[in-house]
Structures are given as C-alpha cells and as structure tokens.
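First the proteins, then the strands, lettered A, B, ... as listed; each starts at 1.
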Amino acid sequence: MIIFSMFILICIIMTVIEIRPLKKNDKKKYLVVNGSILIISFIIFLIHEIHNFSITNLMISIFKPFADTIFS
Amino acid sequence: MEKLSTSLEENYKFFQQRLNHCEDVEFRILNPYKKKDNEIIFLYCENMIDELMVFETLFEKIIQNYPKKNEKIDKSILKDVFPTTSIFFLDDVQEIITYLFYGFCIILFPNSNKAGLVCYSQKDFRQVGEPQSEVVIRGPREGFVEVIRTNIALIRSKLPNANLKVRLKKIGTESKTFTAVIYMENKVPLDTLQKVLTRIDKIDIESTHESGSIERRLEEHPFSLFPQIVHTERPDKLVSDVMEGRIAIIVDGSPHALILPSTLKMFLQASEDYYERYWLGAALRVVRVFAFLIALLLPSFYIGVTTFHLEMLPTELALAIATQKEGTPFSAFFEALLMEVFFELLREAGIRLPMPVGSAVSIVGGLVIGDAAIQAGIASPAMVIVVALTGIASFAIPRYSFAIPLRILRFGLMIITSFLGLFGLMIAIIAIFIHITSLSSFGVPYLELSYSSFKEMFYFVRPSHMKNNKKYTEGEFK
Amino acid sequence: MKSLGVIAIILVLLLSSCTNSEEVDKLSLISAVGLEKMPDNEYKIIIQYLMPKKDQEPLPITKEVDGLSIYEANNNLNEFLPRKPYWSHNFVILLSEELAKEGIRSQLDFFRRNPEMRQDTLVAITESPRKILYNLQKQQLSGQTLKLIARQASARKGLGEVSTLHKVYQNLFFKKPFLTITHIFLDGENPRIDGFSIFDKDKYITTIKGDEARGLGFLKLKNKYSSVTMNCLDKENRQITFNLTNIHKKTNAYVNDLGIFEIRLSLEFEAFLAESHCMRNISDTDTIKKLEKALNKKIKELAKKTIEHSQQNVEIDYFGFGNLLYLNHPKKWKEIEGEYETVYKNADIKLKINTKIVQTGAVN
Amino acid sequence: MKIAEINYLQLASIIFIQILGTSLLIIPGTVVEVAGVDGWISQIVGTIMALIVGMMVFYLYNNFPQDNLIIIFEKLFGKIIGNIFGFGFVIYCILSLSTVIKQGCSITGYIFLPETSPLIFFIVFFLIVVYITKVGMNALARTNVLVMLLLITTFLVIIITGVPLLNVPLKPLLSEGLFPVLKGSLSPISWMGQVILITMIFPYLTSGNKKNIKTTILMTLIVVGIDHTLITMFTLGILGLEAKDLLIPVYSVAKLIEIDLIWRRLDVMIMFSWVAGVTLKMSFWYFCTVLALKQLLHLNKYEPIIIPLAFLTFVIAYYSTNNTVELTFYLGKIYPILSLFSYEFTIPLIMCLTLFIRRKRISKDSKEFTP
C-alpha cells in the first residue's frame with residue numbers, strides 16, 4: 001500500500017513536471033486530460049478495493065455464456 | 001583603434017601600449033639615415049619566429065634596397081625585396097595582432113594605414129612519431145602531432161587529390177584556434193556537411209586546446225554516456241574514413257582528429273582489421289563484440305546466476321562455487337562491487353603514474369586482486385576470475401572512449417541485478433539498447449541492425465568499400 | 001527535476017523489493033530424495049543433501065523427516081537444517097513399493113508443482129529408499145551417480161527407457177498408460193538395476209527381474225545397444241554373444257472381425273559379433289546365415305517370454321499395444337475400451353524378427 | 001518534427017514481436033486445451049485466417065498510405081461515428097495491453113522471482129514502457145530488430161535441441177472431427193489478428209513501395225504462423241497431452257533440453273529473451289494507444305499524457321485477474337471472442353466493405369497525421 005501510494009505520488013509529480021514548461025493554452029488542455037485520466041484510474045482502484053470488481057471480471061461475466069456455448 | 005592610422009608614430013604608440021608586458025614581442029626600428037618620416041618599424045614575436053631568417057632575408061634586403069636619402073620610404077619597397085607574393089597587407093589591428101602571434105613579422109611604414117605581413121613562423125614541436133593510443137602491429141607508424149599544418153600535410157600526402165577539401169575555421173573567441181574540416185567533395189553527403197559546418201560556426205567557446213572540448217559541443221546528445229564521435233591519432237584511419245564519405249575535423253594543438261558521423265560499429269573496429277587477412281579481421285570483430293558484451297554484463301550475470309538462478313549451473317560447478325564462497329563474509333554483490341572498485345582504482349593509479357612507478361603499481365595490484373584477497377577471505381576465486389575477465393574484455397575494445405560507458409554502466413547493472421535478478425538485468429539491457437538506438441550522429445543512426453550494416457560490420461573489408469561507398473551514403477541514411 | 005523523479009522511483013523500487021535472492025552458501029543442494037509411508041498417513045522423506053565446506057570434499061548428508069504432506073516435510077527439514085533446501089539439483093526420487101501401490105500420481109504431485117524441480121529427475125521404485133540412500137552416502141554426487149547408473153543400465157541391458165518425472169507423466173496422459181519404472185535393488189552394499197516395476201495406470205503391481213525383463217528392451221527401445229548371448233551352433237555348452245544396434249521397428253495393432261486383438265511386430269536389427277567361444281572362423285557366408293537364423297530365434301524367445309509374462313501372469317499391457325491401437329484406429333479402440341484387459345489377454349501377438357550380422361569384430 | 005521512418009525489416013520485426021512476444025510461450029497451452037492432439041492443425045487454420053486480416057490491413061494501407069487508423073475511421077464513417085470507433089479502439093488497446101502486462105508480470109514472477117511482490121514487476125514494466133514510449137518509434141523499431149534476432153535464436157534453439165526428445169506421435173488425426181480444431185483456432189487468430197495494430201503506424205512507412213509492404217506483412221504473418229505451428233507440434237511431440245496439465249508448456253519443454261557442453265539448463269535463458277519480447281510488445285501497444293488518444297483529443301504532443309495513461313493501464317492490469325486460472329480462462333476463451341468481434345476482425349471487415357462500396361466518395365479534406 002505504501003509503495004502504491006508513493007508510486008501514485010511520483011506519477012503525479014512527474015506529470016506536473018512534464019506539463020509545466022508548456023504554453024498556457026496547452027497547459028489547461030493537458031491538465032484536464034491528465035487529471036481525468038488519473039481520476040478514472042483512481043476510481044478503478046477504489047472500486048476494486050471496495051467491491052473487488054474489475055473490468056476483466058466484467059468482461060468475463062458478459063462473455064462467459066458465449067464462451068461456454070462456443071467452447072463447450 | 002580598429003584600423004591603423006596613417007601616422008607611423010601613432011601606430012607605434014598604439015602597439016607599444018597594446019602589447020604592454022608582452023615581453024616576447026620585439027620592436028625594431030629601421031632608420032638608416034636617422035631622418036624623420038623615413039623609418040620602418042618591425043614587430044615580431046621572437047619565440048615564434050626564425051630570427052636568423054628575419055635578419056638574413058628581411059633586414060639585409062631591405063637595407064640593400066633602401067631608397068636614397070631624399071626619397072620617401074614606401075611600401076612598394078617590399079615588392080623589390082620579395083619577388084613572390086608571400087607578403088600581404090592588412091589594416092585591421094585585431095587581425096594583425098593575431099598574425100603576430102601566429103609567427104608573422106609585421107612591417108609598419110610611415111604615411112600608410114596598411115601593415116605588411118610576412119610569414120617567418122617557426123616553432124619547435126614534437127616530431128611525427130608512433131601514435132600512443134592506437135598501436136598496431138601492421139600499418140603505418142606515423143601519428144598526428146599538435147601542429148595543424150603538419151597534420152594536414154600528413155593527410156594531403158596520402159591523398160593528393162583536388163576532391164579532398166580542407167576548410168579552415170577559427171574556433172574560440174580568445175584563442176582563435178585553427179580548425180580544419182576535411183572531406184572528399186565527391187563522396188560526402190551534402191546535408192551532413194552542411195549540418196557539420198553550421199554546428200561548428202555555432203560553437204561558442206572562449207578557447208580550446210583539445211578536440212575533446214569541441215567534440216562535446218558537436219554531439220547531438222552530449223549527456224549520453226556513449227561517445228558519438230570517433231577520434232583517432234592515425235592519418236591512415238582518418239583518410240580511409242574520409243574516403244568513405246565521412247568528415248574529419250582537426251584542431252590545432254590536438255593530435256586527436258575527430259571523425260563524424262560515427263556509428264557504434266566504428267568504435268569496435270581497428271584500422272589493422274583492414275591490413276591483415278580478411279578472416280582475421282572478421283573474426284576479431286566478432287571477438288570484440290563478445291568483449292563488449294562481457295565487459296558490460298559478466299559481473300552482473302554472475303551475480304544473477306549465483307544468487308537467483310543456481311539451477312542454470314551444472315551441479316559440479318554450483319558445488320565448486322559454493323565451496324569457494326563458503327567462508328567469505330560478503331554477499332556476491334558486495335564482493336563483486338569491492339573487487340570492481342579495486343580494479344578501477346588500480347587502473348586509474350596505473351595510468352597517471354610515470355612508467356617505472358606504474359609497473360610497481362601493477363605488481364602490487366596483481367597481488368591484491370589475485371592472491372591476497374582470496375587468502376584473506378574477502379573474495380572467492382571465481383569472483384576474481386570474473387573481475388579479471390571483465391577487465392581484460394574492456395581492454396580489448398579498441399577505442400578507449402568507448403570503454404568508459406561500459407565501466408560506468410557495469411556498476412548500475414550490478415546494483416539492479418542484485419535486487420531483481422536476471423529479470424532486472426534483461427530490463428536494464430533493453431533500456432540501454434533503447435538508449436543506444438535512439439542516438440544518432442548527424443542524422444546517421446548510431447546502431448541500426450540491417451542486412452547491409454551487418455555485412456559491413458563483419459563481412460566486407462575496406463578495399464571493395466573504397467571503390468563503392470554507397471553503403472554509407474545510401475545504406476545508413478535509410 | 002525529471003531525473004530526480006526517475007531516481008526517486010528507482011529508489012522506492014529497490015528499497016521496497018523483498019527479493020528472493022539467496023547466496024550460494026546459504027543453500028543446501030538436495031541431490032536425492034526418498035519417500036516412504038508411515039502409519040497414520042504420514043510421509044517419511046529421506047533427503048540427501050550437499051552442504052559445501054571450505055577445503056573439504058562435499059559428501060552428502062542424509063536426514064529423515066516426517067510430515068503429513070511432502071511439502072510439509074520439506075518445511076520441517078528446517079527444524080534442524082541451517083540452510084534453505086534447494087531442489088533444482090535433485091537427480092533422483094525414490095519411492096517405496098508400499099507407497100507406489102497407492103498410486104504414484106498423487107505422491108509425485110509436489111515435485112510437479114514445485115517450479116524449482118527439474119522434470120528430468122529419475123523416478124525409481126525400490127523396496128526401501130532409506131537403505132539405498134544410506135548406502136549411497138559415501139559417493140560424492142550420490143543422486144547423479146544413481147541417475148547415471150539407471151541410464152547406463154537402460155542402454156546396455158535393454159530395460160526400457162529411463163523413467164524420468166516427465167516420462168512418467170507423459171505416459172500417464174496416454175489413452176492407455178503403459179508405465180514401467182526403473183527398479184533399484186539393494187545387492188549387499190550397492191544399488192543394482194536389473195529390472196523394472198510395472199504399473200496398472202499409476203498403481204504399482206509388481207517387479208520383473210532378470211531374463212523376463214530382457215524382452216522389454218527389444219520391444220520398446222529405439223536405437224540403443226543391447227546384447228544377446230546364445231548357445232553355439234555346434235557346441236551346446238559354449239556361448240556366443242552379439243551386440244544389437246540400429247533397431248527398425250514396425251508395429252501394427254488392429255482388431256479383426258472376430259474381435260480378436262492382433263498385433264504385428266516386425267523388428268530389424270543390425271548385429272555385431274562381440275564375443276565368441278567357439279567357431280574361430282566365421283568367414284563363411286553360410287555360417288553367418290545360420291547364425292542369423294539362430295539369433296532371430298533367440299531374440300524371439302526372449303521377447304516372447306516377456307510378452308507371455310505380461311499376458312498370462314500379470315495381465316497388464318505394459319508395452320503400449322492398447323495405445324497403439326488408439327493411435328491408429330481410434331474407433332476400434334472405443335469399441336473394446338471397456339473390456340481391454342480380457343481382450344489383451346487373448347490377443348494374438350505376432351513377432352517377426354530379422355537380424356543382419358554386419359560385423360564380426362576386429363578378428364576375422 | 002520529423003516523422004520516424006520504418007523500413008521493411010523493422011516493419012517485419014514489429015509484426016513479429018508484436019505477435020510472438022507473448023504467444024511464443026503461451027500459445028500451445030491454450031490451443032491444446034481445446035483442440036487436443038490436433039492443436040497444430042488449429043495453428044495452420046489460424047494462420048490462414050490471420051492472412052485474411054493481413055490482407056485487410058494492406059487494403060486499408062493501399063487506400064490510405066498517409067493516414068492512420070483514427071483518421072481512416074473519420075474519413076470512412078464521418079466525424080461522430082469515426083470518433084466513437086476511435087475511442088472504442090483506445091479502450092480495446094488498453095484492455096488488450098492490460099492482459100499483456102498481466103501475462104508478462106505473472107509469468108516472469110512465477111519463473112524469475114516467485115517470492116517477490118507482484119507490484120514490483122508492474123512498476124518495473126511501467127518504468128521501461130514509459131521510457132521506451134518517450135524515446136519514440138525510431139528507437140523502438142530498431143531495438144525490435146535486435147530482439148527479433150534474439151527470439152528467432154531462442155525459437156531455433158528450442159526446435160533444434162528438441163528434436164531428440166520427440167517421442168509422442170501426433171496421432172490420431174482429427175479423431176474428434178473438425179469442430180474442435182476450428183474452435184482451437186480461435187485463439188491463434190485472435191493473437192495473429194493483432195497485426196491490425198500496424199494500421200496505427202502507416203504514416204511511418206514512408207520509404208516503401210506498396211507491393212513490398214504487402215509481401216512484408218503477409219510473409220511475416222506466414223513466418224509467425226510457421227513458428228506457432230512448429231512450437232505446438234514440438235510441445236505435443238515432446239510432452240504429449242501432458243501439455244494440458246502445465247501452466248506454460250513451452251517452458252517445460254525448455255526445462256527438458258540439455259546441451260551438455262555449454263549449458264545444462266536452458267530454460268532461464270529462454271525466459272530471458274521472452275522478457276525482452278514481452279517488454280517491446282507492451283511498448284508498441286502502449287505507443288499506439290497514446291498516439292490514438294492524442295489524435296482523438298487533438299493534442300499537439302503526446303509526451304505529456306504518457307505517464308497518466310500508463311498509470312491507468314497498469315492499474316487496470318494490476319486489478320484485472322485474481323489468479324492464473326482466471327487469467328488462462330480469460331486469455332483462452334474470453335479474449336478471442338472479445339477481440340474477434342471487435343477490432344481484430346469485424347470492424348476491419350466493416351471498414352473494408354465501406355471502403356469498397358463508397359470508394360469514390362471518401363472525403364479528402366480531412367486532417368493530416370502529425371507525430
């Protein structure tokens with residue numbers, strides 16, 4: 001957990017470093033894009049922590065009937 | 001004052017003032033009739049010049065042809081003295097002073113705003129001898145010296161051809177060092193040439209005394225560990241590279257000529273490869289590729305195998321290593337680190353010391369690294385073999401500058417391997433190769449695996465190359 | 001700044017990684033292991049490991065541990081062992097007959113799952129693994145020696161293939177497994193290999209020794225040497241020995257219309273005369289023809305002996321004829337799959353043997 | 001900025017590593033489980049089907065040599081539907097990439113460092129992938145050639161040293177009929193259908209003429225198909241149906257190989273080169289994902305979004321499957337369906353049909369590719 005949070009922190013810092021020297025107009029755009037991507041990943045992380053549910057689980061539950069009929 | 005004035009007195013005073021405390025500069029006034037406005041002033045730097053020649057040719061002849069008492073002295077007098085046009089006139093003060101220190105004799109006339117310059121330059125420098133850093137068994141024994149004129153002469157004598165162009169540039173705002181860009185006009189790719197010339201013009205530096213400082217400023221990736229410009233002391237190597245369409249740069253005062261664009265394989269080639277039998281050259285290159293890999297990877301591979309993947313070894317060997325390891329207090333990583341540091345220390349000490357003391361260091365070092373460390377239980381014999389092999393492999397790389405990144409990277413790889421095993425090693429190798437392949441030297445990829453480059457590396461010897469240099473101009477640029 | 005970030009990540013990585021690096025001198029290399037059954041479902045494992053000491057020949061040390069499972073016993077080892085057991089250099093797994101009777105598939109599971117384990121480890125059955133391992137203790141590389149013995153014995157004596165872990169499992173996945181495993185006897189002090197154990201699926205049945213075992217080699221081996229000794233043509237009490245090589249085997253199995261399982265086996269050998277106690281002059285082609293004929297007969301006799309033994313005494317097909325039928329005629333196999341035992345018992349096995357004497361050695 | 005140039009050898013190596021990077025070790029297992037002894041026939045069927053995908057890719061290249069997939073979508077389907085397809089492609093890329101990462105991490109973890117926390121592998125792969133993507137396509141393409149040589153050597157070593165170990169006949173042929181073979185071929189098709197990813201790098205193929213690019217794509221697919229077939233044949237021939245029982249059958253084959261003189265145990269060396277392949281595969285996938293997202297969002301540069309997007313991908317990968325059983329099931333049964341019904345077969349087919357029908361009415365004024 002500690003490693004993970006440090007990892008997130010470093011990722012955010014690196015992103016900020018990357019964006020900082022850009023022009024003002026671009027900066028806003030990249031902030032929005034990067035921020036939303038990071039938020040999405042955080043939501044995925046939270047959902048997994050709370051409900052133990054991931055996208056792969058979703059895929060498996062959707063496609064399992066197909067798979068069972070095809071590979072029976 | 002930027003230009004000379006017409007008054008001789010003013011000029012004289014100016015030079016006196018400007019060259020204050022430059023006590024190697026001699027002022028001589030020639031005024032046989034002791035009459036005003038009829039004197040000539042000579043300036044020269046006495047250490048840079050052949051003084052005897054100045055007296056014998058210049059002074060005596062001028063006195064012989066000196067006009068009558070009533071006639072005015074004029075710069076046309078020099079025309080009578082020198083039939084050839086080995087004299088020229090300048091009025092820019094800064095340039096005149098520069099020429100003064102190049103070894104020219106400056107002649108100032110009354111009522112003239114131009115000074116005459118005659119070259120009497122003579123310096124006593126090192127003779128052309130065998131190059132120290134690139135020794136060959138078979139091949140020419142001459143190497144570059146510090147004087148640029150001698151160096152250009154060495155190249156010219158090998159290629160008396162009008163296509164060989166020598167362009168002189170001056171680098172350094174203070175030192176005004178002569179720098180020659182040498183290339184074959186009909187072979188060099190023009191865009192590369194243009195790039196090199198513009199980049200030389202852009203160099204902003206106060207003074208330079210060695211081509212190394214220019215090398216840093218020419219490279220596209222100056223912070224990379226890997227050198228991107230080959231330097232050589234051998235005229236034959238330079239000429240054969242120039243014949244391939246590469247560009248050479250010679251800096252006055254440095255016996256190391258730069259060759260660019262350079263690729264990784266050039267660092268693994270020795271000029272001898274082309275003089276010996278083809279098979280030997282090809283085989284030696286394979287050996288050098290192995291030496292490169294061993295120098296980079298062997299210690300970390302050993303750490304990875306003995307601490308993570310003992311199953312890779314045959315049982316007997318595993319047992320033998322374990323038996324040797326028994327009783328040594330350190331972990332394999334620390335042991336390797338210690339021995340590598342020992343080795344680097346010894347190497348550094350051996351290079352700096354004068355020859356007789358140097359051999360003493362190597363004897364002591366051999367004892368320390370070899371026997372004593374094992375006897376004292378600091379290192380296991382297997383580790384000593386590994387470190388020694390690594391050292392020898394790094395000496396087998398023909399260019400010293402290319403062995404430096406390997407020495408540094410080796411330590412990094414050892415640290416990563418000690419934490420992550422062979423997995424970490426592989427990841428680090430990929431990172432290194434990604435870095436190497438991302439480098440380029442004047443638009444030419446530093447390392448590119450293709451059929452033609454492979455063939456060039458191992459298969460074709462240079463003679464056929466000389467006839468058809470398309471491989472460099474077409475093959476590598478794509 | 002950027003490089004600072006990278007350095008920070010690398011530091012985090014390095015400081016946090018709980019790696020599994022083990023120094024060489026913190027491991028004990030296991031070279032052989034034996035499994036025995038204890039009462040109360042417990043296992044006794046006998047482990048022979050090498051612990052290198054400086055300036056000393058590493059001799060194997062034998063220890064015994066108990067445990068409910070083999071993995072647990074492996075962990076229990078460290079009750080007295082100062083080093084981590086390391087399985088990668090294990091060469092031999094010995095199973096006691098008692099244990100093998102319960103089915104070896106489950107007993108070997110630990111060795112299959114353990115990623116350290118090599119799959120070319122020798123698996124052998126013996127009466128008492130313990131005795132063998134204690135007797136082997138004086139050898140420097142005990143496990144390796146035993147594996148080499150097995151390999152040489154299988155090649156020279158014609159006892160079928162060396163049964164490695166991989167071969168055992170490969171066999172168990174066949175439609176009709178025909179497992180035979182090297183059997184190690186204890187002859188006084190030394191281990192000896194002169195026979196093999198036969199299995200019904202993965203359960204140990206019995207062990208075959210001596211002459212009865214010899215036939216398996218002819219039927220199973222490919223391109224390996226083995227020798228045949230027979231009586232001389234003219235003198236009854238003198239022997240002549242041939243070395244056989246370059247085996248070409250053709251087999252065909254099918255079920256005929258009457259429901260009888262028929263197997264056609266044709267074997268071609270090249271024979272070298274290795275030793276002769278009679279007939280100093282064999283340059284005559286007629287003699288060679290006669291010898292070839294006698295050799296054919298002898299080999300047939302040996303093979304028949306083993307086949308008869310398998311059909312009559314144990315009633316188990318350990319040659320893989322059933323699998324052969326499945327490979328070539330999967331439909332027929334399905335028909336007789338249920339009552340294969342009885343079908344095999346009445347099977348008609350036809351042998352055709354053809355030997356060519358190629359060389360007579362250095363003496364003419 | 002100058003567009004990186006990719007020559008034929010580099011293109012071939014990209015396709016080669018992109019498919020074989022992970023499949024070299026895994027593919028026999030997933031196929032043998034479904035098709036049994038006839039797994040190698042499944043591979044041949046899969047290769048033939050993959051050639052169709054390759055033809056579709058070339059058909060797109062033939063018509064849009066200067067554009068990549070995102071722009072082609074826009075040109076073919078208009079702005080709105082094109083963008084929807086584009087975002088779908090990004091999601092597909094992230095999902096596929098996350099399975100690649102998961103495979104890479106779990107297999108290297110199992111073989112190299114079984115006692116180390118799996119997070120370490122994710123962080124290491126994260127770092128190297130971010131670094132490679134930052135350095136760019138040129139270096140990636142050149143390193144690909146190097147690693148392709150390494151993988152081919154590995155492959156040849158397995159094949160050549162495996163010959164004496166072959167002892168299980170590949171019989172009976174088609175005992176269960178043709179149906180299991182076809183079912184088994186789904187997984188190879190989904191693997192080799194990943195060749196669709198090179199639609200993202202069309203603009204980089206500047207130096208080639210079209211015919212040569214066609215041969216390069218198809219020949220590489222055939223070579224990869226031969227590799228798949230041979231490796232499956234050898235796995236079956238050496239292990240028999242035991243291959244069903246094993247987590248990574250090819251690794252078990254490698255464990256049996258003995259070269260007495262040089263190396264007794266070759267398996268780690270084989271894993272060594274596999275790690276290189278899987279790293280480059282990940283990097284290429286990630287490069288395409290970043291490029292696609294950058295184009296969809298009309299950004300100037302892709303460098304600033306590398307780290308956040310990589311973080312998202314690695315989080316998804318880290319939390320994708322809980323154990324190896326689930327991963328094997330997902331890879332063998334779910335992923336082929338998922339990918340073949342989306343971007344590996346169906347959508348390219350729709351694109352080609354659309355292109356064929358309205359060939360003359362494709363809008364020409366659309367934007368240009370910028371790296």
Side-chain angles (χ1 to χ4, degrees), chain A residues 1-23 25-49 51-72, chain D residues 30 33-35 91 94-95 98-99 102 117 119-120 122-123 126-127 130 134 179-180 182-184 186-187 293-294 296-322 326-327 329-341:
Chain A
M1 201 59 215
I2 297 167
I3 307 171
F4 194 81
S5 38
M6 282 192 75
F7 187 44
I8 294 174
L9 205 71
I10 289 167
C11 275
I12 292 170
I13 292 170
M14 296 261 294
T15 319
V16 171
I17 291 167
E18 196 77 45
I19 293 175
R20 231 175 37 156
L22 294 175
K23 277 184 221 149
N25 213 359
D26 283 350
K27 215 187 260 185
K28 238 181 221 167
K29 214 170 177 181
Y30 283 118
L31 264 181
V32 173
V33 172
N34 287 350
S36 46
I37 292 172
L38 280 175
I39 288 168
I40 293 170
S41 47
F42 205 68
I43 290 169
I44 288 169
F45 165 71
L46 277 184
I47 290 176
H48 189 272
E49 286 297 298
H51 290 292
N52 199 11
F53 192 75
S54 65
I55 292 179
T56 319
N57 290 127
L58 186 76
M59 290 296 157
I60 290 178
S61 54
I62 291 172
F63 286 100
K64 193 151 198 236
F66 288 105
D68 285 344
T69 48
I70 290 178
F71 291 104
S72 62
Chain D
T30 54
E33 208 181 325
V34 181
I91 291 170
I94 290 178
L95 282 181
S98 65
T99 59
K102 188 75 186 179
S117 146
L119 189 59
I120 299 300
F122 281 89
I123 295 178
F126 173 87
L127 285 176
V130 165
K134 268 204 173 151
F179 204 57
L182 291 180
K183 280 193 281 188
L186 278 181
S187 159
L293 193 66
K294 176 229 153 194
L296 284 168
L297 298 175
H298 303 287
L299 302 173
N300 297 333
K301 289 198 283 183
Y302 64 76
E303 275 91 353
I305 59 168
I306 288 176
I307 293 171
L309 195 62
F311 186 69
L312 173 68
T313 317
F314 277 83
V315 165
I316 292 176
Y318 189 63
Y319 293 119
S320 59
T321 49
N322 298 323
E326 213 175 277
L327 182 65
F329 178 72
Y330 182 78
L331 276 179
K333 311 251 164 96
I334 305 285
Y335 183 75
I337 299 171
L338 173 74
S339 59
L340 288 179
F341 279 103

Chain D: which of A:L38, A:I37, A:I44 shares the most heavy-atom pairs with it under 4.5 Å?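 With the most close heavy-atom pairs to chain D, the winner is A:I37.
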Which of D:L338, D:L293, D:T321 touches chain A most, by non-hydrogen pairs under 4.5 Å: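 Most heavy-atom pairs under 4.5 Å with chain A: D:L338.
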Please determine, among D:L95, D:V34, D:I337, D:I306, the option with the most heavy-atom pairs under 4.5 Å with chain A.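 So the answer, after comparing D:L95, D:V34, D:I337, D:I306, is D:I337.
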Nearest 0.5 Å please: distance from the [atom1] atom of [X] over to the [atom2] atom of [Y].
X	Y	atom1	atom2	value
D:I307	A:I13	CD1	CD1	11.0 Å
D:K102	A:T56	NZ	OG1	8.5 Å
D:T99	A:I55	OG1	CD1	12.0 Å
A:I60	D:K333	CD1	NZ	11.5 Å

Kindly indicate, with the supporting measurements, whether the criterion side-chain contact (heavy atoms from CB on, under 4.5 Å) is fulfilled by D:V315 and A:H48. CA-CA 10 Å; D:V315 165; A:H48 189 272; over 6 Å; no
More than 12 heavy atoms from other groups under 6.0 Å of CG on A:N25: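 Result for CG/A:N25: open.
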Can you tell me if NZ on A:K28 sees more than 12 non-hydrogen neighbours from other groups inside 6.0 Å?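 12 or below, so no.
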Please test D:Y319 against A:E49 for side-chain contact (heavy atoms from CB on, under 4.5 Å), starting from the C-alpha separation and ending with a verdict. CA-CA 9 Å; D:Y319 293 119; A:E49 286 297 298; 3.6 Å; yes
What part of [X] is in contact with chain A, defined as an atom under 4.5 angstrom from a non-hydrogen atom: side chain, backbone, both or neither?
X	value
D:L327	neither
D:F329	side chain
D:L186	side chain

Quick one: closest heavy-atom pair of [X] and [Y], and the distance?
X	Y	value
A:T15	D:P308	CG2-CG, 3.6 Å
D:I334	A:A67	CD1-CB, 4.1 Å
D:P304	A:I19	CB-CG1, 4.4 Å

Would D:K301 pass as a cation-pi partner of A:Y30, given that its NZ or CZ must be under 6.0 Å from the six-membered ring centre and within 45 degrees of the axis?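 No, cation not above the ring by the 6.0 Å, 45° rule.
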Between A:N34 and chain D, with a heavy-atom cut-off of 4.5 Å, which part of the residue counts as in contact: side chain, backbone, both or neither?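 It is both, since atoms from each part get that close.
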Under 3.5 Å, is there a donor-acceptor pair between the side chain of A:K29 and the main chain of D:H298?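 Yes, A:K29 side chain to D:H298 backbone: donor-acceptor pair under 3.5 Å.
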